[in-house]
Each structure stands twice: as C-alpha cells, then as structure tokens.
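Data first, discussion second: the structure below is written as structure tokens.
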Amino acid sequence: QVRLVESGGGLVQAGGSLRLSCTASGRTSSDYAMGWFRQAPGKEREFVAAVNWSNSRTYYSDSVKGRFTISRDNAKNTVYLQMNSLKSEDTAVYYCAARRYISASTNENDYDSWGPGTQVTVSS
C-alpha cells in the first residue's frame, strides 16, 4: 500500500499561483501513474491532471489546460501540480492519487491510493 500526503495548499488571490506537492511512502515504486483530483463544496470529485510513470505523458481537464502543469520526480517519490492564473472556481480540496499501472487515467475509479487532501482557496 502506498501512502500519499499532499502539501502546498492555501489561500491565494485570483490570478496567483500555488504549487501542490504529493509525497509517496510505503511500497513506493516508479511504476505508478499519478493523478490529481479536486472536490469543491457541494460538487462531486473531478479529474484535474494525471501523469504516467515515466513523466512522458500528461493529461489535463479542459478547465485547467494551459494553466496547470503536472510533473513528477521519481527519485523523490513526489508529484507536483503547478497552478497558475488561479480562478475562484479552482477553490476545492485537492487530492493526490496513485494507480498501480504505468499508464495514467482520468477515471478516479482506476486509482488505488489516495491522500487526505489539501485545501486550495482562491479569493476573487
């Protein structure tokens, strides 16, 4: 079982930036695809971004494409989500997830391990 812990959330003004980090521990391996999801108040959890095991392919939701960048450092067992040009609608709890396959997925049901989440609040 992989344990995930997110960090880097907080309060930021619209137009600002934040970088989220997710560090894995336990039975870690580079053969995991990683994803970021988010859940806003009163809404279902939604896909944000994902990266395959080798950091060679990335996927983004249409709502964040061009503003967010996902990357990973397998030597540090860490995946990042750089968020730029933040909008109030980006306010949510952001979750990191790991999938025991080398290819990434946009479907939350394909992920095996989840972090507790980190709050991101964007003020307008």
Which pairs of donor and acceptor atoms, one on a side chain in residues 117-124, lie under 3.5 Å apart (sequence neighbours left out)?
from	atom 1	to	atom 2	distance (Å)
T118	OG1	G9	N	3.3
Q119	NE2	A92	O	3.4
Q119	NE2	T121	OG1	3.3

Using residues 81-89 as the side-chain source, report each donor-acceptor pair under 3.5 Å to any protein atom, sequence neighbours left out, with the distance given to one decimal.
from	atom 1	to	atom 2	distance (Å)
Q82	NE2	N84	OD1	2.9
N84	OD1	S17	OG	2.9

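Taking all atoms of both residues into account, the shortest heavy-atom contact from V2 to A24 is CG1-CB, 3.8 Å. Listed here is the closest heavy atom pair of W36 and S21: CH2-O, 3.7 Å. Residues C96 and M34 come closest through the heavy atom pair SG-CE, 3.6 Å. Across every non-hydrogen atom of T106 and Y59, the tightest pair is CG2-CB, 4.4 Å. Taking every heavy atom of both residues into account, Y60 and A49 meet most closely at CD2-CB, 3.7 Å. Annotation for S103 and A33: closest pair O-CB, 3.2 Å, computed over non-hydrogen atoms.
Between Y95 and W114, the ring planes lie perpendicular to each other; the angle is over 60°, past the 30° to 60° tilted range.
A distance of 7.0 Å separates CZ of F37 from CG of N107, quoted to the nearest 0.5 Å. Rounding to the nearest 0.5 angstrom, the gap separating the CZ atom in R38 from the OG atom in S61 is 6.0 Å. Here E46 contributes atom CD and Q39 contributes atom CD; the two are 9.5 Å apart, rounded to the nearest 0.5 Å.
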Using the side chain to side chain contact (heavy atoms under 4.5 Å, CB included) rule, take F68 and D90 through it: C-alpha gap first, then chi angles, then the decisive distance, then the call.
CA-CA 11 Å; F68 291 11; D90 295 318; 3.9 Å; yes

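Not one N or O on the side chain of Y80 forms a donor-acceptor pair closer than 3.5 Å with the backbone of T69. For R100 (side chain) and S113 (main-chain N/O), no donor-acceptor pair under 3.5 Å exists by modelled atom type. In this structure, T78 contributes its side chain and K76 its backbone to a donor-acceptor pair below 3.5 Å.
No option in N55, T58, N77, N52 other than N55 meets the side chain to side chain contact (heavy atoms under 4.5 Å, CB included) test with R72.
Neither F47 nor Y94 shares a network with the other; the hydrophobic side chains, linked directly or stepwise wherever heavy atoms of I, L, V, M, F, W or Y lie under 4.5 Å apart, form separate groups for each.
Pairs passing the ring-ring contact (aromatic ring centres under 6.0 Å, His included) check and including a residue from residues 8-27, sequence neighbours excluded, do not occur.
When only modelled atom types and interatomic distance are considered, Y111 and R99 share no side-chain donor-acceptor pair under 3.5 Å.
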